[in-house]
Amino acid sequence: MITLKEIAKECGVSTATVSNILNGKNKVSEETREKVMAVVKERGYKLNYVAQGLRKQKTQTIGVIAEDIVQFTTPEIIEGIMEVCEERGYRTIVQNLRLYSRWQDLWFDNEKMYYSVMDPAVQEMASIRVDGIVYVAGHARNIHRFPSEYQIPSVLAYAYSQEKDVPSVVIDDEEGARLIVEHLIKKGHTKIGVMAGEQENIHTKLRILGYQKALFDAGILYNPELVCYAGWGKELSYGAAEELLSKDITAIFCMSDRNAGGVYKYLFENGKQAGRDISIVGFDDEMISDFMTPRLTTMRIDRLQIGKRAVELLFDKMEGKEVPDEIKVPCRLIDRESVLEL
């Protein structure tokens with residue numbers, strides 16, 4: 001591997017000049033910079049970030065720990081983190097815990113399972129000497145113990161921290177639900193059913209609050225019998241659709257686009273269609289929602305922005321700035337063709 005000294009000799013400059021160029025310090029002419037960078041590229045020189053970090057006590061590296069990159073929210077959150085890191089001249093190292101792939105939902109209340117993969121991941125980040133960590137959750141939940149013995153600045157993305165020194169960036173579930181139910185009400189719907197997730201899930205609880213608030217603001221009485229706690233999968237909502245549709249409703253607020261997919265399937269098999277026989281709205285704006293027939297009206301989660309805000313919050317924390325305990329990222333209504341105006 002070519003060394004810094006060899007690069008300097010080949011270019012006819014000092015090693016300090018090469019070092020300044022590689023570290024983005026504008027102390028040389030553009031001609032010299034281009035000459036050095038051409039040789040660096042041609043010879044395949046790579047900065048030794050670990051050695052550099054030992055000298056500076058900073059590695060210019062951010063660690064990202066993801067609960068599972070197969071979760072549909074996770075890739076875009078990580079993309080947002082990486083985009084900001086690139087702009088700031090930081091590298092990223094990603095650890096995938098594969099919690100859902102390993103154990104589906106069995107790990108939720110099993111600390112032994114969880115920390116058997118979580119602790120080694122944090123230990124590795126500490127050994128690499130990352131400057132900070134963004135922890136990306138697969139779904140919103142309260143996280144009570146984030147390893148703090150390593151004293152690495154940390155931020156949670158898509159989860160609620162229960163620790164004072166670890167701030168969170170989450171979506172505004174309650175307001176998102178309020179807005180989409182308000183959309184149904186503006187279209188003339190007053191009898192609105194809900195295809196909800198698990199009853200104890202944080203997303204579910206907050207979206208129910210938003211649903212109730214929209215009804216209250218419109219002077220509509222809340223009826224708990226119109227809420228079906230089916231879970232998040234399309235198979236579960238498909239199985240629950242018959243009972244919910246048997247009630248005297250004109251619209252269904254599905255708490256996920258996958259829930260909406262299950263209802264769509266039930267309607268199709270029974271000669272009915274969303275947007276014609278009953279109005280359906282979803283939540284998440286997964287890619288499939290734009291290809292459903294009719295295209296699904298839903299709430300878009302700005303996953304990229306969650307990642308960006310999380311790592312920006314981390315940088316503020318690393319720089320010793322005062323940071324909020326929690327940031328809520330708003331959702332956006334995507335109005336398509338699945339809502340009938342009464």
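Everything quoted here is computed from the prediction, not taken from an experiment. Just so you know, residue 1 is the first one in the sequence shown, and it goes up from there. The basis for the numbers below is simple: all heavy atoms, side chains too, and nothing from hydrogens, waters or symmetry mates.
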Review point. Take atom CD1 in Ile69; do more than 12 heavy atoms of anything else shown fall under 6.0 Å from it?
Key: no
Review point. Around Arg102, counting heavy atoms of other residues, nucleotides and ligands shown, do more than 12 lie under 6.0 Å from its CZ?
Key: yes
Check your understanding: Just checking, Arg141 and Tyr114: is the charged tip under 6.0 Å from the six-membered ring centre and within 45° of the axis?
Key -> yes
Point to revise | Any Phe283 side-chain heavy atom under 4.5 Å of Ile301 side chain | key: yes
Review point. Thinking salt bridges, do Glu10 and Arg43 make one under a 4.0 Å N-O criterion?
Key: yes
Exercise for review: Answer yes or no: is there an ion pair linking Lys164 with Asp325, defined by an N-O contact shorter than 4.0 Å?
Suggested key: no
Review point. Are the side chains of Leu340 and Arg276 in touch, meaning some heavy atoms are under 4.5 Å apart?
Key: no
Review point. Do Ile280 and Cys254 have side chains that get closer than 4.5 Å, going by heavy atoms?
Key: yes
Review point. Does a donor on one side chain sit under 3.5 Å from an acceptor on the other, for Thr61 and Arg129?
Key: no
Check your understanding: Any chain of hydrophobic side-chain contacts (each under 4.5 Å) joining Tyr100 to Leu236?
Key -> no
Review point. Are the side chain of Asn270 and the backbone of Tyr266 linked by a donor-acceptor contact shorter than 3.5 Å?
Key: yes
Exercise for review: Could you check if a side-chain atom of Ile143 sits within less than 4.5 angstrom of a side-chain atom of Ser161, using non-hydrogen atoms only?
Suggested key: no
Review point. Has Glu87 got more than 12 heavy atoms of other residues, nucleotides or ligands less than 6.0 Å from its CD?
Key: yes
Point to revise | Shared hydrophobic cluster for Ile171 and Leu304 (ILVMFWY, side-chain gaps under 4.5 Å) | key: no
Exercise for review: Look at the side-chain heavy atoms of Ile, Leu, Val, Met, Phe, Trp and Tyr, link any pair under 4.5 Å apart, and say whether Ile334 and Ile288 land in one connected group.
Suggested key: no
Exercise for review: State the CG-CG distance between Asn96 and Leu99, to the nearest 0.5 angstrom.
Suggested key: 8.5 Å
Review point. Say you draw a straight line from CZ of Arg207 to CD1 of Ile202; how long is it, rounded to the nearest 0.5 Å?
Key: 11.5 Å
Check your understanding: Does any non-hydrogen side-chain atom of Glu174 lie less than 4.5 Å from one of Lys213?
Key -> yes
**Study point:** Taking every non-hydrogen atom, the tightest pair across Ala310 and Val134
**Key:** CB-CG1, 4.1 Å
Study note, to complete from the structure: Value for CD1 (Ile152) from CD1 (Ile128), rounded to nearest 0.5 Å, stands at 9.5 Å
Give the table of side-chain donor-acceptor pairs shorter than 3.5 Å for residues 239-252, with sequence neighbours excluded, one pair per line with atom names and distance.
{"from": "Ser246", "atom 1": "OG", "to": "Glu243", "atom 2": "O", "distance (Å)": "2.5"}
{"from": "Asp248", "atom 1": "OD2", "to": "Lys191", "atom 2": "NZ", "distance (Å)": "2.7"}
{"from": "Thr250", "atom 1": "OG1", "to": "His189", "atom 2": "ND1", "distance (Å)": "2.7"}

**Study point:** Side-chain heavy atoms of Ile62 within contact of Phe315, under 4.5 Å
**Key:** yes
Check your understanding: Is the closest side-chain heavy-atom distance between Leu97 and Ile65 below 4.5 Å?
Key -> yes
Pairs of donor and acceptor atoms involving the side chains of residues 219-232, under 3.5 Å and at least two apart or interchain, shall be tabulated with distances.
{"from": "Asn223", "atom 1": "OD1", "to": "Glu225", "atom 2": "N", "distance (Å)": "3.0"}
{"from": "Trp232", "atom 1": "NE1", "to": "Glu198", "atom 2": "OE1", "distance (Å)": "2.7"}

Exercise for review: Rounded to the nearest 0.5 Å, what's the gap from OG1 on Thr17 to CD1 on Ile7? Could you check?
Suggested key: 13.0 Å
Check your understanding: Hey, are Asp316 and Lys321 close enough for a salt bridge, meaning a charged N less than 4.0 Å from a carboxylate O?
Key -> yes
Practice item. Can you measure from CG (Leu342) to CD1 (Ile185) and round to the nearest 0.5 angstrom? Key: 12.0 Å
Exercise for review: Considering non-hydrogen atoms only, spot the tightest contact between Leu267 and Ala274 and give its length.
Suggested key: CD1-N, 3.8 Å
Practice item. Under the side-chain hydrogen bond (donor to acceptor under 3.5 Å, both in side chains) rule, what do Tyr135 and Glu67 come out as? Steps first, then yes or no, please. Key: CA-CA 8 Å; Tyr135 182 87; Glu67 289 186 343; 2.6 Å; yes
Study note, to complete from the structure: Nearest heavy-atom approach of Ile327 to Arg309 is CG2-NH2, 3.4 Å
Review point. Are Tyr238 and Glu269 linked by a side-chain donor-acceptor pair shorter than 3.5 Å?
Key: yes
Review point. Below 4.0 angstrom, N of the basic side chain to O of the carboxylate: do Asp68 and Arg98 qualify?
Key: no
Pairs of donor and acceptor atoms involving the side chains of residues 75-86, under 3.5 Å and at least two apart or interchain, shall be tabulated with distances.
{"from": "Glu76", "atom 1": "OE2", "to": "Arg303", "atom 2": "NE", "distance (Å)": "3.0"}
{"from": "Glu76", "atom 1": "OE2", "to": "Arg303", "atom 2": "NH2", "distance (Å)": "3.2"}
{"from": "Glu83", "atom 1": "OE2", "to": "Lys308", "atom 2": "NZ", "distance (Å)": "3.1"}

Point to revise | Geometric cation-pi criterion, Arg178 with Tyr211: 6.0 Å, 45° | key: no
Check your understanding: To the nearest 0.5 Å, how far apart are CG in Leu184 and CD in Glu341?
Key -> 11.5 Å
Review point. Could Glu286 and Arg258 be called an ion pair, given the rule that one side-chain N must be under 4.0 Å from one carboxylate O?
Key: yes
Exercise for review: Indicate whether any N or O donor in one side chain lies under 3.5 Å from an N or O acceptor in the other, for Tyr158 and Gln71.
Suggested key: no
**Study point:** Residue pair Thr298 / Asp285, side-chain donor-acceptor N/O under 3.5 Å
**Key:** no
**Study point:** Ion pair Lys205/Glu200, N-O distance below 4.0 Å
**Key:** yes
Check your understanding: Do the side-chain N and O atoms of Ser256 and Asp284 include a donor-acceptor pair separated by under 3.5 angstrom?
Key -> no
Exercise for review: Compare every heavy atom of Tyr160 with every heavy atom of Glu326, then report the nearest pair and how far apart it is.
Suggested key: OE1-CD2, 3.4 Å
Check your understanding: Counting N and O atoms only, with roles assigned by atom type, does the side chain of Ser237 sit under 3.5 Å from a partner on the main chain of Asn259, one being a donor and the other an acceptor?
Key -> yes
Study note, to complete from the structure: When every non-hydrogen atom of Val323 is compared with those of Pro167, the smallest separation belongs to CG2-CG, 4.3 Å
Check your understanding: Minimum heavy-atom separation for Leu313 to Ser168, with atom names?
Key -> CD2-O, 4.3 Å
Review point. Between the side chain of His203 and the main-chain N/O of Ala140, is any donor-acceptor distance below 3.5 Å?
Key: yes
Review point. So do the side chains of Met299 and Arg332 get within less than 4.5 Å of each other, counting heavy atoms only?
Key: no
Practice item. Evaluate the criterion side-chain hydrogen bond (donor to acceptor under 3.5 Å, both in side chains) for residue pair Arg91 and Thr59; output intermediate values, then yes/no. Key: CA-CA 9 Å; Arg91 300 163 65 238; Thr59 59; over 6 Å; no
